[in-house]
Chemist: 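Encoded as structure tokens, here's the structure I'll be asking about.
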Amino acid sequence: MATMSLAAASPLTSTPRGLAVSAPRTSFLGLRALGASAARFPGLAAAPRRGEAAVVRMAKREQELEEIRAMETEKLEEEVVDLKGELFLLRLKRSARQEFKSSEFGRMRKRVARLLTVRREREIEQGINKRQSRKLDRKWKLGIVVRPPPSMREKKEEE
């Protein structure tokens, strides 16, 4: 009676040395081309691709940049000051172990970076080099009037 080893019978284990079995080619997801596998797995063909969500996020970012570019420079600088004040309040909340949304840190920092990038683009259009820009930035920072961020102002108005 001939017995067959498990290694030869199972496609999941390694093959014995005498047998040469070629593995089917797979894509980077480990699935065959959608032609054959879509018939076996009907939900696979309708699944959204990875890049589609990224396209939506990029569209939102482009829309936000259009919004920012439409602002005046003074309004841009005011918003930078307000957002930095909000970031300060978030850091205070975190250190006091109060409830806060941790995602706000990244969102606000990115918004500040976008605002400052648009500001620098405008300086480049005016022909201001990096050294002059840093001098202007230092003057601007010294001229900032400290005021409570918008969230604090709203709380004071309610009371």
Chemist: Would you compute the distance between atom CG of L116 and atom CD of E77 and round it to the nearest 0.5 angstrom?
Modeler: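 L116 CG to E77 CD: 9.0 Å, rounded to 0.5 Å.
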Chemist: Is there a path from I144 to L87 through hydrophobic residues (I, L, V, M, F, W, Y) whose side chains come within less than 4.5 Å of each other?
Modeler: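 They do share one cluster, since a chain of ILVMFWY contacts under 4.5 Å joins I144 to L87.
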Chemist: To the closest 0.5 Å, what do you measure between NZ (K135) and CG (D137)?
Modeler: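 If I round to the nearest 0.5 Å, the distance is 13.5 Å.
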Chemist: Rounded to the nearest 0.5 Å, what's the gap from CG on L136 to CD on Q132? Could you check?
Modeler: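 Reported to 0.5 Å precision, the distance equals 7.0 Å.
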Chemist: Using the test side-chain hydrogen bond (donor to acceptor under 3.5 Å, both in side chains), find all partners of R69 that sit at least two apart in sequence or belong to another chain.
Modeler: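 Here the qualifying residues are E121.
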Chemist: Ignoring hydrogens and angles, tell me if any N or O in the side chain of E86 forms a donor-acceptor pair with the backbone of S151 under 3.5 Å.
Modeler: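 The answer is yes, because a donor-acceptor pair under 3.5 Å joins these two groups.
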Chemist: Do F88 and L83 come close enough that some side-chain heavy atom pair is under 4.5 Å?
Modeler: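 Side chain of F88 against side chain of L83, heavy atoms only: no contact under 4.5 Å found.
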Chemist: Of all residues at least two apart in sequence or in a different chain, which pass the side chain to side chain contact (heavy atoms under 4.5 Å, CB included) check with E123?
Modeler: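 Scan of E123 (side chain to side chain contact (heavy atoms under 4.5 Å, CB included), adjacent residues dropped) gives R119, R120, I128, S133.
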Chemist: For the NZ atom of K139 and the CG atom of L142, what is their distance to the nearest 0.5 Å?
Modeler: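 So the gap between those two atoms works out to 10.0 Å.
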Chemist: Going by side chain to side chain donor-acceptor pair (under 3.5 Å), name the pairs with one or both residues in residues 106-115, residues two or more places apart or in two chains.
Modeler: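 Qualifying pairs, neighbours excluded: E64-R111, E64-R114, E79-R111, E104-R107.
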Chemist: CZ/R131 to CZ/R134 distance, rounded to the nearest 0.5 angstrom?
Modeler: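 Rounded to the nearest 0.5 Å, the CZ-CZ separation comes to 10.0 Å.
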Chemist: Which pairs, with at least one residue in residues 142-154 and sequence neighbours excluded, count as a salt bridge (charged side-chain N to carboxylate O under 4.0 Å, His left out)?
Modeler: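 Output for this query lists D82-R147, D82-R153.
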Chemist: Quick one: CG on L89 to CE on M108, what's the gap to the nearest 0.5 Å?
Modeler: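 The CE atom of M108 is 8.5 Å from CG of L89, to the nearest 0.5 Å.
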Chemist: Please answer: with hydrophobic residues joined when any side-chain heavy atoms are less than 4.5 Å apart, are L115 and I124 in the same cluster?
Modeler: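 Each belongs to a different hydrophobic cluster.
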Chemist: Could you tabulate the donor-acceptor pairs under 3.5 Å formed by side-chain atoms of residues 92-101, not counting sequence neighbours?
Modeler:
residue, atom, partner, partner atom, Å
S95, OG, R91, O, 3.4
S95, OG, L92, O, 2.9

Chemist: Once side-chain hydrogen bond (donor to acceptor under 3.5 Å, both in side chains) is applied, do any residues pair with T117, and if so which ones, sequence neighbours excluded?
Modeler: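 T117 satisfies side-chain hydrogen bond (donor to acceptor under 3.5 Å, both in side chains) with no residue once adjacent residues are dropped.
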Chemist: Within a 6.0 Å radius of atom CZ on F105, are there more than 12 heavy atoms belonging to other residues, nucleotides or ligands?
Modeler: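 Yes, CZ of F105 has more than 12 neighbouring heavy atoms, counting only those of other groups under 6.0 Å.
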Chemist: So do V118 and M71 actually touch side chain to side chain, heavy atoms under 4.5 Å?
Modeler: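 No, side chains not in contact.
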